[in-house]
Amino acid sequence: MKISNISLVVLLSTFFMIIASSSSNPTDFVRRSCKTTQYPDDCYKSLANYMPPINRSPRQLAYAALNVSVDRVRSVSTFVARMSARPKPKGLRLSDPDRSSEDGAVQDCMENLNDSLDLLRQSIHEMGRLGRANSARFKLHLSNVQTKVSAALTGETTCLDSASLSPAASNVIRTRVAKAAQATSNALALINQLI
Ligand SMILES: *[C@@H]1O[C@H](CO)[C@@H](O)[C@H](O)[C@H]1NC(C)=O
Ligand SMILES: *[C@@H]1O[C@H](CO)[C@@H](O)[C@H](O)[C@H]1NC(C)=O
């Protein structure tokens, strides 16, 4: 009787330990991986949603991070496009130097964002062709992905640094672009961990 009680306790505690570890591991994994990025909180919050499919695969995590980055860059590009398509206030002369340099800055910013979006999409595609870890093919594709994602990040930062944006435009655009650039920076950090 005593022995079977003990074994029941052992059995039950083993059972609960398994449950506890299988339910907490994916979270811990994402949290631990995100610690190596520059924006760990943003990284964790944005990737926690992807937890079930990621299931402790660093490659899936990096892939999901790229997904988040594409989502944000796409939405900010659409936002900026819509903003710049807005009718200009009446009475504003076309030759107004402030207005035209701002239009130019917004246009440049949007071009950078669109290029960056293109590079991120190519990277997602290429991530799907990495093949076996540490193979020559893996190293080649991974290094292409690293180059593209860091170029994408440069494009986003270039947009952020655009000096000719007026304070009003720069606030709404910058906040969104900064959020997108954070996601790209996080994705790059997670990709760099795959080496
Ligand atoms: C990436 O995003 C697409 C579209 O939003 C989604 O269908 C897919 O499941 C995502 N993949 C990963 C690995 O996060
Ligand atoms: C950038 O992409 C947006 C959204 O897809 C599009 O409306 C806009 O015309 C593009 N702009 C440039 C400069 O490529």
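One-based numbering, in listed order, for ligands and for the atoms of each.
Partners of Glu126 by side chain to side chain donor-acceptor pair (under 3.5 Å), not counting sequence neighbours, listed by chain and number: His141, Asn144, Lys148.
Formation of a donor-acceptor pair under 3.5 Å by the Ser185 side chain with backbone atoms of Ala181 is not found in this model.
Within 6.0 Å of atom CZ in Arg56, 12 or fewer heavy atoms from other residues, nucleotides or ligands are found, so the atom counts as exposed in its surroundings.
Look at Arg74 and Asp71 and you find a salt bridge, because one of the NZ, NE, NH1 or NH2 atoms lies within 4.0 Å of a carboxylate O, short of that distance.
Protein residues having at least one heavy atom under 4.0 Å from any atom of ligand 2 are Ser77, Ala81, Gln107, Met110, Glu111, Asn114, listed by chain and number.
Relative to the six-membered ring of Phe138, Arg132 misses at least one condition, a distance below 6.0 Å or an angle of at most 45° to the axis. Judged by a 6.0 Å distance limit and a 45° cone about the ring axis, Arg31 is positioned over the six-membered ring of Tyr44.
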